[in-house]
Structure formats: structure tokens, C-alpha cells
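These notes are about the structure you will find just below.
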Number of protein chains: 2
Amino acid sequence: MRGNRTLKDVERGIAGFYRDRRRMPTYSEAMVLLGVRSKSVVHFWVRKLLAAGVLEKDARGFLHPSRRAFGLPMVGDVAAGFPSPAEEELRDVISFDEYLITKPGTSFLLRVSGDSMIDEGIHPGDLVVIEKGREPKSGDIVIAEVDGEWTLKFFRRKGKDVFLEAANVKYPPIRARLELRVGGVVSAVIRKYPG
Amino acid sequence: MRGNRTLKDVERGIAGFYRDRRRMPTYSEAMVLLGVRSKSVVHFWVRKLLAAGVLEKDARGFLHPSRRAFGLPMVGDVAAGFPSPAEEELRDVISFDEYLITKPGTSFLLRVSGDSMIDEGIHPGDLVVIEKGREPKSGDIVIAEVDGEWTLKFFRRKGKDVFLEAANVKYPPIRARLELRVGGVVSAVIRKYPG
DNA sequence: TGACAAATAGAACGATCGTTCTATAATCGT
DNA sequence: ACGATTATAGAACGATCGTTCTATTTGTCA
């Protein structure tokens, strides 16, 4: 049982462990993970992963996955097409959690129902990230209570006039009779296509 | 320097450390983090975090953040409105990295330019997750090379007929002259609104 | 104000960590 | 075929980990 172990294999093993357990394996655990019986073998491969930039050591000497070990490479724009493996390495890596969760603790997720924001590209079934307790600016998309129902709308302010506007010609603008209950501001939209 | 330390404070400190360094702090490090001078104080708070479900111990006795420590709570749908703190605790928590990255290693990110998929709710500036090397099914959104340029289109197959279709009346369907170069299949769309 | 609980300090300790060393086995190039 | 290189094994070791214990200080409430 030898030789047939590539850097990618080891990386996948370690990365999988980290994904599942949210911590690095110890050398003893990595022995099992790699199917070897000596810590020095683990040490051997860890040094390779360090050199490859998959793992890093911090000031205290502790091992942790590097920034680019997780997340997806950001490779440019659609016009540029899809990347060659070479240039793929060079681009930045984005973790969605870092990218989308700017205010942990005050944000939450809703699944969109209804088509009131369809012209803004927010479809039924999409997920929206809501930041609660943020003061909406004119033009922000908010979740608001209208006629006892919660819905997504543009928040508009023109001088003293405050109203809600759908991104769908079917729905007329809405002015608050008494007060406008705004639950939060949409900070992101996520749509996942079934794989 | 005493007494004024809440569970939330400690949680934020530990969580912040984990976010930055991608590993748990040691007890010694947590002492500095919490501003205390004894490991037993750390132990004291760690037990509280364990009880609160913020941290967990695995079979080996190692500490790691729980699933619900990161990510955002999924609180239902828009019609249900925004949640009370109470029910917020009960719902599932979603990590975007887990949710969106189903095929690490074969996926990458592109920023959308152009409006060819605008009626599908994919706008210029949005991010799309591309799975490369996946065989597109009819109806999938793909990145494809058309007239030497890369663009997003629906992939359509009707019997023997294979063609690309925009989600925008401005663009007519496209049939491949020679071959259809498909770079990958869109598995998700992400749009972030400036905060 | 006094008693009790909550929070912090500090020291001691076994367990286990990651490193390093030497030695052996498989693979490759010529 | 054979030396050089790469990969694995196994043992030894100091460092540091997290736990536990006892003691002290601060806050709360009757």
C-alpha cells in the first residue's frame, strides 16, 4: 500500500475532515485519514501542503487551512469565459460565508414567496438575506408589512413622501395609512439550481 | 475588571477568533481573548458555551464550533414575516459555503456581464457558480461560447436539435454551426446589495 | 449587613501533541 | 541492474494542552 497517494488526495482528505469537524485533524487522526502508520509520514505530507499553500501555520505554530483552501476561485467575468487551470490559481478566492454575512447576529434568511420583486430578479423560491434593525435608504429592498401581510418591496422616499413599490407592474405603489412596518433590509439574494 | 462579561461577549470573542484564524483558540489564548488570567475561568465559560450549544465536543474531546454557531438562521418565508427572537432559535441554520458549494474543486465563480439572462433574474454584476465538466440537461443554464464570446444561455435539447436560448427577447436562439462549446452549468446565482 | 452564589485566580498533573531522528522499503532513471 | 530518490515506519522527546483542585474576590438579595 504505497506510492499511490497524490497531493490532491491528501488535500481532499484533510479538507474533508475540516469541513465535517470544523477543526484540523491531529497527526494521529491524519494517520488514519491517510492510511499510514507513522506520524512522520503525516509530517511529510503536511510540509507539502504548507508548501502548496493549502495549509498555513500561524504565529503560534498551529496548523489551519489557508484562505484559498476553501471557497471558490473567482475567475473574472462571463465575457472572459471559463478559465484555464493555470490562471485559476491566480485569482481571488471567495468564501460565501464571509462574502454574504456581513452582520452576523442581526441577519437572517427568508425564502421568497410571491412575485412582487420579479423584475428586480428576485424570484419565488429564492433566498434573501435580511438585515434587521437597519434604517432603509430610498431604493433599498425591504421586507415590510402591507395589509397584514409581509412582502418584499422597494423602499422609496421622495421628500416627505414615503411609500413602497413593487418590481412588478401588477402591483401598484403602496402608501402607509398609519405606519410603515419595515422588518429589515435585503442585503443579498441567493438562488440555487437543483443539481 | 469583573462581572461585566456576558455569554454573548464570550461567544463573540471565540467566534471572531475562529473566523479569523480558522481554528479554535487554546485555553491560553482564550485567557488573553477574555482578558482573564486563569485557564479555569476559560474552562468555566467554555462549559457555558457547550451548554448553550455554541460549541461542541467531538468523540475525541476536541472543541469546535457547533453547526449553528455560524451561518444564518433560516426563518421561513416572506409571507411569515420577520421572526421573533424566540422562534429564530428553533429554525435551521444554513452555512452558505455548505449550501452553495456542492462540488468543491470543479466549481468556480464568474461575475455576470450582459443582460442575456435578465428574464431569468440573472443581472449584470451578479455572481454565478459554475460547475464545469457537468453534462448539461435541457433547461439548464450554461456558460457557452457563441461567436467567439462567452455568454450565459439556456441549454435546450429537443430530440436531435440542440440550441442555446437567451432569457431576453432581444436575443434570438442560437444553433451551433460546428460544435457547441459549453464551459459549465450554472448551479447558483448570488447577488449582493451594497450595505 | 451578612450569607450564599457567581466569578476569578493559580498551581498541579497526566495526556497527547507535533517535531525530529534513524532506519527500511518501494520506485525511477539511466 | 543498481544507485539515487522518494515514501514509509517507528521510537523518543520536550512542550503544551485541557482538566481539576483549592482558594480568593465580587456581586446579589433577603
*asked:* Can you measure B:R37 atom CZ to D:dT26 atom P for me and round it to whole angstrom units?
replied: 11 Å
*Which residue lies toward the 5' end of DNA chain C, B:F62 or B:F44, if each is placed at its nearest nucleotide?*
B:F44
_For A:P124 against A:G114, the heavy-atom pair lying closest together_ = CG-O, 3.4 Å
*To the nearest 0.5 Å, how far apart are CG in A:L109 and CD1 in A:I190?*
6.5 Å
*Drop me the distance from B:K153's NZ to B:L164's CG, to the nearest 0.5 angstrom.*
7.0 Å
_Could you tell me how far apart B:E56 (CD) and D:dG18 (P) are, to the nearest whole angstrom?_
17 Å
*Apply the test salt bridge (charged side-chain N to carboxylate O under 4.0 Å, His left out) to residues A:R175 and A:D161: give CA-CA distance (whole Å), side-chain angles for both, the deciding distance (0.1 Å), then the verdict.*
CA-CA 8 Å; A:R175 275 170 183 75; A:D161 190 19; 2.9 Å; yes
*asked:* Please tell me if B:K48 has a side-chain N or O lying less than 4.0 Å from either OP1 or OP2 of C:dA7.
replied: yes
_By the 4.0 Å heavy-atom rule, please label B:R60 as base, sugar-phosphate, or nothing._
sugar-phosphate
*Is there a chain of hydrophobic side chains (I, L, V, M, F, W, Y, each step under 4.5 Å between heavy atoms) that links B:V32 to B:Y27?*
no
*For B:L49 and C:dA7, give me the distance from atom CG to atom P, rounded to whole Å.*
13 Å
*Looking at DNA chain D, which of residues 15-31 of chain A put a heavy atom within less than 4.0 Å of it?*
none
*What are the two closest heavy atoms between B:Y171 and B:A166, and how far apart are they?*
CB-CB, 3.6 Å
*How do B:S38 and A:S40 order along DNA chain D: which one's closest nucleotide is nearer the 5' end?*
A:S40
*side-chain N/O B:H43 vs D:dG18 OP1/OP2, d < 4.0 Å*: no
*Find the distance between CG (A:L152) and CG (A:L110) and round it off to the nearest 0.5 Å.*
7.5 Å
*To the nearest Å, give me how far apart CG (A:L63) and P (D:dC17) are.*
15 Å
*Would you mind reading off the distance between B:R47 atom CZ and C:dA7 atom C1', rounded to a whole angstrom?*
12 Å
*Specify the separation, in whole Å, of atom CG of A:L7 and atom P of D:dT6.*
14 Å
*Straight-line distance of A:R191 CZ to B:R191 CZ, nearest 0.5 Å*: 7.0 Å
*Looking only at side-chain N and O atoms, does B:W45 come under 4.0 Å of OP1 or OP2 in C:dA7?*
no
*Determine to 10° how strongly the helix from C:dT1-D:dA30 to C:dT30-D:dA1 is bent, judged from the axes of its five-pair ends.*
40°
*Taking OP1 and OP2 of D:dC13, is either one under 4.0 Å from a side-chain nitrogen or oxygen of A:K39?*
no
*Distance under 6.0 Å and angle within 45° of the ring axis: does B:R60 meet both against B:F62?*
no
*Can you list the steps and then say if B:F155 with B:V162 is a side chain to side chain contact (heavy atoms under 4.5 Å, CB included)?*
CA-CA 8 Å; B:F155 179 86; B:V162 172; 3.8 Å; yes
*Take the protein atom CG of B:D58 and the nucleotide atom P of C:dT16, then report the distance between them rounded to whole Å.*
14 Å
*asked:* In whole Å, I'd like the distance from the NZ atom of A:K57 to the P atom of D:dT16.
replied: 13 Å
